[in-house]
S.K.: 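Sharing a structure below in structure tokens format, with a few things to ask.
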Amino acid sequence: MRPLLSRLVLGDDDAIAAVVTAAETSDDPLVLVAAALFTGDADGLLIRAGHAARTTRDRQLVAIAVAHRRGERSLVDALARDHLVDHPDSVLAAWIADANHVHPSPREEP
């Protein structure tokens with residue numbers, strides 16, 4: 001799953017499609033959260049992820065994604081920072097935290 005997530009956060013269309021397809025039958029919170037970032041049924045997937053989350057790590061990731069979905073930027077920053085201290089290999093949490101900030105396109109930079 002880790003290589004697929006790395007490709008997903010880089011915007012690989014095949015990886016995104018694979019994760020969204022996998023989420024249809026998965027009970028893995030990581031898959032459900034990842035798919036929620038790229039589908040129209042984000043709320044449903046995040047609810048499923050919350051029910052499937054058994055570990056603190058999984059519950060934290062779901063909370064980060066829910067806060068991101070709600071546009072709660074400060075909360076995303078705080079939750080992701082705490083999560084990444086304990087789980088520095090959490091590519092998805094790092095990506096959500098980064099996506100939480102608006103990045104100007106190269107044309108918009110001074």
S.K.: What about Leu45 and Val19, same hydrophobic cluster or not, with Ile/Leu/Val/Met/Phe/Trp/Tyr joined at side-chain heavy-atom distances under 4.5 Å?
M.R.: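 No, separate clusters.
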S.K.: So do the side chains of Leu92 and Val33 get within less than 4.5 Å of each other, counting heavy atoms only?
M.R.: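 The answer is yes, as the side chains (C-beta and beyond) meet within the 4.5 Å cut-off.
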S.K.: Quick one: does any side-chain atom of Arg57 pair with a main-chain N or O of Arg54 as donor and acceptor, under 3.5 Å?
M.R.: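 It does not hold such a pair.
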S.K.: In Å and rounded to the nearest 0.5 Å, what is the CD1 to CG distance from Ile96 to Leu37?
M.R.: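 CG of Leu37 is found 4.5 Å from CD1 of Ile96.
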S.K.: Quick one: CG on Leu61 to CG on Leu79, what's the gap to the nearest 0.5 Å?
M.R.: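 With rounding to 0.5 Å, CG (Leu61) is 10.5 Å from CG (Leu79).
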S.K.: May I ask you to check whether over 12 heavy atoms, not counting those of Asp13, lie within 6.0 Å of atom CG?
M.R.: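 It does not: Asp13 CG has 12 such atoms or fewer within range.
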S.K.: Can you tell me which residue pairs pass the side-chain hydrogen bond (donor to acceptor under 3.5 Å, both in side chains) test with a partner in residues 59-68, sequence neighbours excluded?
M.R.: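 Qualifying pairs: Thr56-Arg59, Gln60-His83.
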S.K.: What's the shortest heavy-atom distance between Asp28 and Leu30, and which atoms?
M.R.: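 Taking Asp28 first and Leu30 second, the nearest heavy atoms are OD1-N, 2.9 Å.
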S.K.: Which heavy-atom pair separates Ala80 from Ala93 by the least distance, and what is that distance?
M.R.: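 Shortest heavy-atom contact: CB-O, 4.3 Å.
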S.K.: What is the distance from atom CG of Asp89 to atom CG of Asp86, rounded to the nearest 0.5 Å?
M.R.: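 Between atom CG of Asp89 and atom CG of Asp86 there are 11.0 Å.
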S.K.: Give me the atom names and distance for the closest heavy-atom approach of Asp58 to Pro29.
M.R.: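 For Asp58 versus Pro29, the nearest heavy atoms are OD2-CG, 3.6 Å.
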S.K.: Measure the shortest side-chain to side-chain distance between Asp98 and Val9 over non-hydrogen atoms and say whether it is less than 4.5 angstrom.
M.R.: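 Not in contact.
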S.K.: Would you compute the distance between atom CZ of Arg69 and atom CG of Asp43 and round it to the nearest 0.5 angstrom?
M.R.: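 Rounded to the nearest 0.5 Å, the CZ-CG separation comes to 4.5 Å.
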S.K.: Hey, any chance Val66 and Leu32 share a hydrophobic cluster, counting ILVMFWY side chains that come within less than 4.5 Å of each other, even indirectly?
M.R.: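 No, it is not one cluster - the side chains of Val66 and Leu32 are not joined through contacts under 4.5 Å.
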S.K.: To the nearest 0.5 angstrom, please state how far the CG atom of Asp14 sits from the CG atom of Leu8.
M.R.: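 Answer rounded to 0.5 Å: 11.5 Å.
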S.K.: With rounding to the nearest 0.5 Å, note down the distance linking CD1 in Ile64 to CH2 in Trp95.
M.R.: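 Interatomic distance, Ile64 CD1 to Trp95 CH2, rounded to 0.5 Å: 13.0 Å.
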S.K.: Considering non-hydrogen atoms only, spot the tightest contact between Leu84 and Ser90 and give its length.
M.R.: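 Nearest heavy atoms, Leu84 then Ser90: CD2-O, 3.6 Å.
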S.K.: Indicate the atoms forming the closest heavy-atom contact of Asp27 with Ala52, along with that distance.
M.R.: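 Of all heavy-atom pairs spanning Asp27 and Ala52, the closest is O-CB, 3.2 Å.
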S.K.: Starting from the C-alpha separation in whole Å, work towards a yes-or-no answer on salt bridge (Lys or Arg N to Asp or Glu O under 4.0 Å) for Arg48 and Asp41.
M.R.: CA-CA 11 Å; Arg48 284 179 50 207; Asp41 185 27; over 6 Å; no
